[in-house]
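Everything below concerns the one structure shown next.
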Protein chains: 2
Amino acid sequence: MSFTYEYAHPAVTVDCVVFGYDATDLKVLLIQRKLEPFKGRWSLPGGFVQINESLEDAARRELSGETGLGKLFLEQLYTFGEPKRDPRERVISVAYYALVKLTDHALQAASDAEDAAWFPVAELPKLGFDHERIVETALRRLKAKVRYEPIGFELLPEKFTLGELQRLYETVLEQSLDKRNFRKKLLGMELLEALDEYQRDVAHRAAQFYQFNRARYEQLRKRGFNFEL
Amino acid sequence: MSFTYEYAHPAVTVDCVVFGYDATDLKVLLIQRKLEPFKGRWSLPGGFVQINESLEDAARRELSGETGLGKLFLEQLYTFGEPKRDPRERVISVAYYALVKLTDHALQAASDAEDAAWFPVAELPKLGFDHERIVETALRRLKAKVRYEPIGFELLPEKFTLGELQRLYETVLEQSLDKRNFRKKLLGMELLEALDEYQRDVAHRAAQFYQFNRARYEQLRKRGFNFEL
DNA sequence: TCAAAAGTGTTAACCATACACCCATGC
DNA sequence: GCATGGGTGTATGGTTAACACTTTTGA
């Protein structure tokens with residue numbers, strides 16, 4: 001079967017920068033390529049957009065194969081379309097970035113018969129295509145967005161301590177934050193629900209667990225409230 | 001001549017939301033379609049991406065036909081790819097938005113033998129395709145971005161008064177601003193150079209002209225300065 | 001008893017906001 | 001002389017930033 005057009009058409013792919021966080025590191029999910037070009041090289045999960053699916057559907061379809069879970073934060077990042085970015089043919093890539101709760105769906109080493117692995121963003125291997133540029137763009141976006149939208153919670157388990165939340169922000173923003181001011185600010189927003197639950201078996205005072213109240217956030221946002229780090 | 005592929009390929013277009021400002025209104029450049037689909041309907045300037053040009057080159061090429069000038073602020077906005085957004089075939093549109101100094105290259109009514117016109121954003125006609133959604137997205141981006149990057153100047157002539165600048169911000173943000181606080185803030189950033197030049201033939205005290213010092217901005221930004229409305 | 005992280009308030013500096021009058025000019 | 005927008009300073013309240021010690025727990 002083949003498809004013929006009067007004018008040259010580019011191929012269109014989606015590529016996904018999937019971020020996870022595991023208590024110390026911000027990580028990105030990579031796939032080891034089995035085929036040329038860039039055979040053996042690590043690269044972003046992604047694939048061709050089918051002719052009848054939306055871009056976001058394509059991204060979710062590719063991800064459900066890799067991460068196992070469909071329910072994740074997903075947002076369009078940028079579209080990369082330099083003529084020579086793929087050596088085979090003209091390929092325009094619509095990049096998405098996703099945030100997943102690593103702790104929930106435990107680090108599934110490899111899925112979909114692909115060789116998939118999580119890499120700390122500070123120690124990425126050499127990537128195929130222009131994927132390093134895509135990761136950089138995603139990191140920049142994440143760093144900016146985490147400050148003015150409550151998306152940090154997408155990287156943590158449902159229940160988390162304020163210490164965990166603070167470390168997450170410190171990791172993503174690459175700067176340390178004052179503990180008292182951080183707590184004051186976050187609790188002051190009234191977006192976090194304190195749970196009657198505490199850490200156990202820790203070699204220090206057990207921290208209280210909290211959870212993010214999304215409904216409350218949506219409610220406040222309608223009244224003009226803006227989240228800010 | 002024709003092009004054949006093993007898999008179905010979508011067509012890829014760029015569509016541009018070109019903003020201009022004329023002392024009272026924020027305006028968008030529209031083109032009246034000469035062909036089906038949506039013949040006679042107003043829509044965004046744009047066209048197919050050629051197989052060997054980058055996305056941004058395609059956007060600039062389309063715009064140079066419409067606006068006459070190539071030198072303008074241009075930034076990728078978002079990629080729209082719902083399967084049915086074009087009735088002819090699957091078309092993925094990479095949208096850009098541009099800011100032009102209307103006053104410099106005087107309102108050229110129509111160019112490129114197309115019927116082009118500027119419409120105030122508050123009075124847009126019904127648009128073809130999903131272009132209303134694209135304009136909305138562009139407006140949202142412009143409103144957000146104008147607050148934390150000095151792009152408002154792209155819509156004004158090289159030399160402008162503080163009153164003109166304030167009215168521009170009030171128009172884009174759809175809110176009135178306090179004159180004294182506005183001046184204090186803008187002048188405090190030290191991004192504006194006061195010129196030895198004043199309005200003439202105005203029926204009130206002549207305002208001083210200023211110009212934006214981009215080099216100074218880049219310099220400050222490297223040292224961690226962030227523009228903020 | 002030590003190490004490790006949790007939890008907790010106050011102060012000072014800074015920034016944002018609100019607000020009103022005189023000035024210069026053309027008609 | 002009147003209408004129009006230009007230009008200017010201060011006081012207040014709120015927000016942010018800096019800062020150190022006690023508590024709890026397991027090893």
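Proteins get letters first, then strands, A, B, ... in listed order; numbering begins at 1 in each. Not measured: the values here are computed from a predicted model.
Distance CZ (Phe182(A)) to P (dA6(C)): 11 Å, rounded to an integer number of Å. In this structure, Arg167(A) places its CZ atom 14 Å from P of dA4(C), rounding to the nearest Å. Remark: C1' of dG26(C) and CD of Gln199(B) are 13 Å apart, rounded to the nearest angstrom. When the P atom of dA6(C) is taken as reference, atom CG of Asn181(A) falls 16 Å away, rounded to whole Å. Taking atom CG on Leu187(A) and atom P on dA6(C), their separation rounds to 13 Å, with Å as the unit. Atom CZ in Arg205(A) sits about 10 Å away from atom P in dA6(C), given to the nearest Å. One atom, CG of Leu177(B), and another, P of dA18(C), lie 11 Å apart when rounded to the nearest Å. For the pair Arg183(A) CZ and dC19(D) P, the interatomic distance rounds to 19 Å; values are reported in whole Å.
With respect to the salt-bridge test (charged N to carboxylate O, under 4.0 angstrom), the residues Glu56(B) and Arg60(B) qualify. Checked for salt-bridge contact, Glu174(B) and Lys143(B) meet the test: a charged N lies under 4.0 Å from a carboxylate O.
The distance between the ring centers of Phe160(B) and Phe153(B) falls below 6.0 angstrom.
The minimum heavy-atom distance linking Lys101(B) with Pro157(B) is given by the pair CD-CA, 4.3 Å.
Residue-to-nucleotide contacts include no donor-acceptor pair under 3.5 Å from the side chain of Lys184(A) to the base of dT16(D). A donor N or O paired with an acceptor N or O is not found under 3.5 Å between the base of dT17(C) and the side-chain atoms of Lys185(B). Residue side chain Arg180(A) does not reach the base of dA17(D) through any donor-acceptor N/O pair under 3.5 Å, judged by distance alone.
Nearer to the 5' terminus of DNA chain D, by closest-nucleotide assignment, is the contact made by Lys179(A) (compared with the other of Lys179(A) and His204(A)).
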